[in-house]
Amino acid sequence: MSDVRVRIAPSPTGFFHIGNAKTAVINWLFARSRGGTFVLRLEDTDTERSKPEYADIICEALHWLGISWDEGPDFAGEPQAGDLGPYRQSERRDLHLGEAQRLLESGNAFKCFCTKEELDAERERAQAQKRPPRYNGKCRNLPAEDIDAKGGAPFAIRFKVPEGQTILDDMVQGTVKTENKEFDDFIIVKPNGDPVFHLAVVVDDGLMKITHVIRGDDHLSNAMRHKMLFEALGYDVPKFAHLPMVLDEHGKKYSKRLHGANLLDWRDDGYLPSTMLNYLVLLGWTPSEEGRELFTPEELIDAFDETRLGKSAGKFDLKKLQWLNGQHIRMMSVEALCEALLPIMKTAGLDTATKDEAWLLRMTEICQEKIPTLNDIVPYTEFFFNGVTEYEEKPVKKNWRKEGVVERMDAMLVAMESVSDWTADALKESFTALSESMGVGLGQFTNPSRLALTGKAVGPGLFELAELLGRDEAIRRMRNGIAHIQALEPQA
RNA sequence: GACCCCAUCGUCUAGUCUGGCCUAGGACACCAGCCUUUCACGCUGGUGACACGGGUUCAAAUCCCGUUGGGGUCGCCA
C-alpha cells in the first residue's frame, strides 16, 4: 500500500447529494489507482441537523455506488476500521480543543471577548458602507492583564492570520495566490466551547495523516485558511485538489430540491451504479486514451489519472446519462441483468414467480438491447403478465384502420396455427412467406399483430415475444384482436 | 461590494502548460440516409464552437492586458 491517504467527509444532514457522490468517486478512484487508503469521516458536529438515519443513507449510497472505504466509523452496521480514529467528528472534540489550546500557547490564536451582538452590528455597518465585512481585530492584541480582568467572561478563540500571502499549488486549479490580509482572524472555537469547521477539518486531516484533500471547489477560498492553519499547527500540508461542482441542466447549482440531486434518485429511476460511476467521472475528467468514454469500475481504476481532471464546471446531461446507461446494460451478462430486473418487476406487480428461469433469461435477452433504464422493463414486459387490457389509441389508428387488415390478420392466425415448431425463427419464416405470397410488406403483418399480442406499438421483437407468450395465448390474443378490429366504429 | 476561480459545437469535452501538425478532433443530442417486424441497437453522412476587444509574434484556441458572462468565498453552517 502506498502512503497516499485521502478522505471524504460528508455531513449526515440529509440525503447523499450528487456533488458528494462526484467527490467520493474521484477520491476513491485516486486512492484505488494509487494503492492508497480511503478514509470515511463523518462530520456530524452540527447537532441541530445531523441525524443517525442520514448517516445510514450515506452508507447505503456509497454501497450502492460500489465504493468501499478502508477506514471509517462504526455505523449503519459497519464496524470501525483504522487506527487513526475516532472517525466521527463529534467524538474528536477534545482533540480539536487541545490543538486550539496549542495555538493559543504558540501565539497563533487569541481569545476574543466580542459578543455576537457587537459583531453583527459591526458587520451590518460594514455592509452599509460597502466595506468587506471583516472582524476589526479588536481583541487581537489584548494585553494579559486585560484578559485577566475579563474574569470568566465567555470568549471565542480566533486564529491570528499571519502577515504575507498564501500560495496554494492546487492539483486541479493550479497555483492560487491570495494576500493574507484578505482574510480576517476567523473563529476556531465558539464561545460555547464548540470547535468550528475550519479547525476541525484541519486537525482531523492533519492527525489522520491525509496526504491529498480532494473536494469541491466551493472550498477553494477556505483552503487558503486551512493551509495557514496546517502550518501554524506544524502538520504536513496535504496536497489540495478542488474539483469543479456539478451543475443542473440549466447551469445552476444543483439544488437539493431538484429530482436527481439525491444520488439514490438515480437508483430508483433504474440507472446502474456502474453508469453513475462512469458518468460522474466523465463530468470533469477525460482519459488519456482519447475518445474513450465507456468504462467499467475496474477499468476506471486502471485508467484514472488525476492530471487529467478538468477545471470547469459541468452541467448534468440526462440524455447522455441515458445513453451511457443503455451501454452499461448491454455490457452486463444476461444473468446479472435478469437478477437486477426481477425486483423491479415484482415491485411493479408483475408475478415473475409464474415463469421458470429459462423463460426469464430469454425475456431478459430480448429486452437487453432495447431498454435504456432498468425500469423500462416494466412497460416492455407487463403484457406477458397482465394480458392485454386495452389497445393504445395511436397504433390502432395507424395499423388497424387500414384496408385489408382483417384479411392479413386472419392469414396470420392460420399461419400461426399451422406452424409446426413454435419458435421465433419458425414464426419469422412463416410470416415472411406470407408477406411474399400476398405481396405485402412484412411490416403490414407484424405491426397489427404486435398490437394484438401486446396492446402497444413498442416492445421486444415480435417473434421473440410471441415465442415467449406461447402458442395458445398468442392465438387467443390474435382472435381477440381480430374481434376488436371488426367492432371498430367507422372513422368520423 | 472585496477577493478567488472558470470560459472551445445545444451538452460533456480533446487541444492550452511546452504557440505552427487545428481549414479545431471525439461523444451525447439533433437532422438525413442505410439496415430493419415496431421501438431501439448498429452503420454512413450532415448541421454545429475557440465569449468579446486589444496587444505580443513570421504564426494564437494556445502567451499578455482589458471587458463581459458564470461560479465560489467573505458565519459563533459544514
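A, B, ... follow the sequence lines: proteins, then strands. Residue 1 opens every chain.
- Backbone-only contact: A:Lys253 has heavy atoms under 4.0 Å from sugar-phosphate atoms and none from a base.
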In B/S/- notation (B base, S sugar-phosphate only, - none; protein heavy atoms under 4.0 Å), nucleotides 12-26 of chain B written 5' to 3' is SSSS----------B
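- For the pair A:Phe16 CZ and B:rA78 C1', the computed distance is 15 Å after rounding to whole Å.
- Atom P of nucleotide B:rA78 and atom CG of A:Asn20 are separated by 16 Å, given to the nearest angstrom.
- Residue-level contact check: A:Lys252 touches the backbone only, with heavy atoms under 4.0 Å from sugar-phosphate atoms and none from bases.
- The two residues A:Val201 and A:Arg7 make their nearest non-hydrogen contact at CG1-NH2, 3.9 Å.
- Within 4.0 Å (heavy atoms only), A:Ser435 reaches no atom of the nucleic acid at all.
- When only modelled atom types and interatomic distance are considered, A:His259 and A:Asp269 share a side-chain donor-acceptor pair under 3.5 Å.
- Minimum heavy-atom separation, A:Ala109 to A:Ile157: CB-CG2, 3.8 Å.
- A:Glu249 comes within contact range of no nucleotide atom at all, as no heavy-atom separation falls under 4.0 Å.
- Residue contacts shown for A:Thr166 are absent, as no nucleic acid heavy atom lies under 4.0 Å away.
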Nucleotide by nucleotide, nucleotides 35-40 of chain B touches protein heavy atoms under 4.0 Å in the pattern (B base, S sugar-phosphate only, - none) --BBBS
Tabulate protein N/O versus nucleotide N/O from nucleotides 30-34 of chain B, keeping only pairs under 3.5 Å, one per line.
none

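- Using a 4.0 Å heavy-atom criterion, one finds that A:Asn222 contacts the bases of the nucleic acid, with or without backbone contacts as well.
- For the OP1/OP2 pair of B:rG42 and a distance below 4.0 Å, the side-chain nitrogens and oxygens of A:Gln327 include at least one atom meeting the criterion.
- Ion pairing of A:Asp46 with A:Arg49 is present here, as a side-chain N (NZ or NE/NH1/NH2) and a carboxylate O approach within less than 4.0 Å.
- At the heavy-atom level, A:Arg225 lies under 4.0 Å from the strands shown only through sugar-phosphate atoms.
- Taking the side chain of A:Val196 as heavy atoms from C-beta on, and the options B:rG72, B:rA27, B:rC76, the nearest nucleotide is B:rC76.
- Between A:Lys177 and B:rC3, a side-chain N or O to OP1/OP2 separation shorter than 4.0 Å is absent.
- Using a 4.0 Å heavy-atom distance criterion, A:His242 is classed as making no nucleic acid contact.
- When heavy atoms are screened at a 4.0 angstrom cut-off, A:Cys367 is found touching no nucleic acid atom at all.
- Closest contact between the side chain of A:Phe197 and the listed nucleotides B:rA2, B:rA78, B:rA29 involves B:rA78.
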